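It should be emphasised that the depicted structure is a prediction, and the values quoted were computed from it without experimental measurement. Positions are given from 1 along the sequence.
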Amino acid sequence: MLRNIPPILSPDLLHSLRAMGHGDDIVIADANFPATALGARCHRLDGLTATEVLEAILRVLPLDIYVPNPALVMEVVDDPDAVPPIVAEFQSLVTSTADNPAELGKLERFAFYDRAKTAFAIIQTGETRLYGNIILKKGVIGT
């Protein structure tokens with residue numbers, strides 16, 4: 001057992017988070033996302049929502065301060081200005097929990113998939129709300 005680490009983060013996922021370097025991306029994906037097809041490392045957290053996983057990850061992962069959008073979501077197809085409720089929740093969590101609160105950036109659906117292909121890892125959750133996908137860019141821990 002360890003202290004101060006959210007218990008929903010599995011040992012394999014903690015290993016990936018620790019092995020990531022500055023500038024590496026990690027994807028938190030909903031149940032519809034093609035995670036296994038896109039990513040070399042796919043962690044399954046089927047019984048959890050994307051918001052539960054995002055909050056836990058933000059407690060241990062620093063967000064990059066050297067890019068304008070260290071957290072990116074997928075645009076709604078045919079309505080890029082729409083903000084689904086889950087995206088509003090993502091923004092609230094990034095604002096309240098991240099060490100570097102930032103405004104969420106957006107990527108078009110296929111651009112999001114392309115970015116996810118190059119991610120260090122993808123976490124497939126059991127999230128059933130549409131557009132429950134977010135990419136986080138790892139930062140550094142200052143002195």
Side-chain angles (χ1 to χ4, degrees), residues 1-77 80 82-143:
M1 295 294 294
L2 300 171
R3 293 188 298 180
N4 302 320
I5 295 178
I8 66 171
L9 301 179
S10 69
D12 289 339
L13 177 52
L14 286 169
H15 178 268
S16 285
L17 292 170
R18 178 61 181 96
M20 290 172 65
H22 175 227
D24 282 340
D25 289 338
I26 189 157
V27 179
I28 300 169
D30 64 28
N32 291 304
F33 195 80
T36 302
L38 295 180
R41 292 176 192 86
C42 183
H43 298 283
R44 304 282 314 206
L45 294 179
D46 295 298
L48 300 169
T49 66
T51 49
E52 290 171 319
V53 174
L54 176 61
E55 183 174 16
I57 296 237
L58 289 174
R59 295 199 179 282
V60 299
L61 182 89
L63 287 183
D64 198 332
I65 62 172
Y66 300 108
V67 296
N69 298 114
L72 298 163
V73 295
M74 184 186 293
E75 288 181 350
V76 174
V77 174
V83 180
I86 191 166
V87 171
E89 286 184 52
F90 286 161
Q91 181 63 71
S92 179
L93 286 168
V94 169
T95 300
S96 66
T97 309
D99 62 328
N100 174 33
E103 292 297 316
L104 299 179
K106 290 183 178 182
L107 291 173
E108 180 274 332
R109 177 181 169 209
F110 292 106
F112 191 97
Y113 290 157
D114 287 342
R115 180 78 173 263
K117 286 178 189 176
T118 66
F120 190 89
I122 298 175
I123 304 164
Q124 180 97 60
T125 70
E127 183 61 66
T128 57
R129 292 174 286 180
L130 298 179
Y131 296 97
N133 308 299
I134 187 168
I135 299 172
L136 305 174
K137 184 170 288 297
K138 186 177 183 180
V140 297
I141 297 174
T143 55

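- Under the 4.5 Å side-chain criterion, counting only non-hydrogen atoms from C-beta, Val73 is not in contact with Tyr131.
- A donor-acceptor contact shorter than 3.5 Å is absent between the side chain of Lys137 and the backbone of Asp64.
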Item to check | side chain to side chain contact (heavy atoms under 4.5 Å, CB included) assessment of Glu89 paired with Leu54 | outcome: CA-CA 10 Å; Glu89 286 184 52; Leu54 176 61; over 6 Å; no
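- In this structure, Glu108 contributes its side chain and Val77 its backbone to no donor-acceptor pair below 3.5 Å.
- If you take CE on Met74 and CG on Leu104, they are separated by 14.0 Å, rounding to the nearest 0.5 Å.
- The distance from the CE atom of Met20 to the CG atom of Leu136 is 8.0 Å, given to the nearest 0.5 Å.
- Atoms OG1 and CG, from Thr118 and Asp25 in turn, are 6.0 Å apart once rounded to the nearest 0.5 Å.
- Looking only at distances, no side-chain donor or acceptor of Arg59 sits under 3.5 Å from a matching main-chain atom of Thr97.
- Closest approach of Ile86 and Gly132 over heavy atoms only: CD1-CA, 3.5 Å.
- With values rounded to the nearest 0.5 angstrom, Ile57 atom CD1 is found 12.0 Å from Leu93 atom CG.
- Contact annotation: the side chain of Leu58 never approaches that of Glu55 to less than 4.5 Å [non-hydrogen atoms, C-beta and beyond].
- Closest non-hydrogen pair, Ala88 versus Val83, comes out as N-CG1, 4.0 Å.
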Under 3.5 Å, sequence neighbours excluded: what are the donor-acceptor pairs made by side chains of residues 8-15?
residue	atom	partner	partner atom	Å
Ser10	OG	Leu13	N	3.2

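- Between Ile28 and Leu45 there is no side-chain heavy-atom pair separated by less than 4.5 Å.
- When side chains are defined from C-beta on, Tyr66 counts as touching His22, because their heavy atoms get closer than 4.5 Å.
- Here the closest heavy-atom approach between residue His43 and residue Ser16 is recorded as NE2-OG, 2.8 Å.
- When all heavy atoms of Phe120 and Ala19 are compared, the pair lying nearest together is CZ-CB, 3.8 Å.
- Although no hydrogens or angles enter the test, the distance criterion places a donor-acceptor pair under 3.5 Å between the side chain of Gln124 and the main chain of Asp30.
- Using a 4.5 Å heavy-atom cutoff, the side chains of Glu103 and Gln91 are in contact.
- Residues Leu63 and Val94 are in side-chain contact: their nearest non-hydrogen atoms beyond the backbone lie under 4.5 Å apart.
- Side-chain N or O atoms of Lys106 include one that pairs as donor or acceptor with a backbone N or O of Pro80 at under 3.5 Å.
- Within the 4.5 Å cutoff, no side-chain heavy atoms of Leu130 are placed close to those of Pro84.
- Atom-to-atom distance recorded for Leu38:CG and Ile122:CD1 is 5.0 Å, nearest 0.5 angstrom.
- For the pair Asp114 and Leu107, the minimum side-chain heavy-atom distance is 4.5 Å or more.
- Taken to the nearest 0.5 Å, the OG1 atom of Thr125 stands 8.0 Å off from the CG atom of Asp46.
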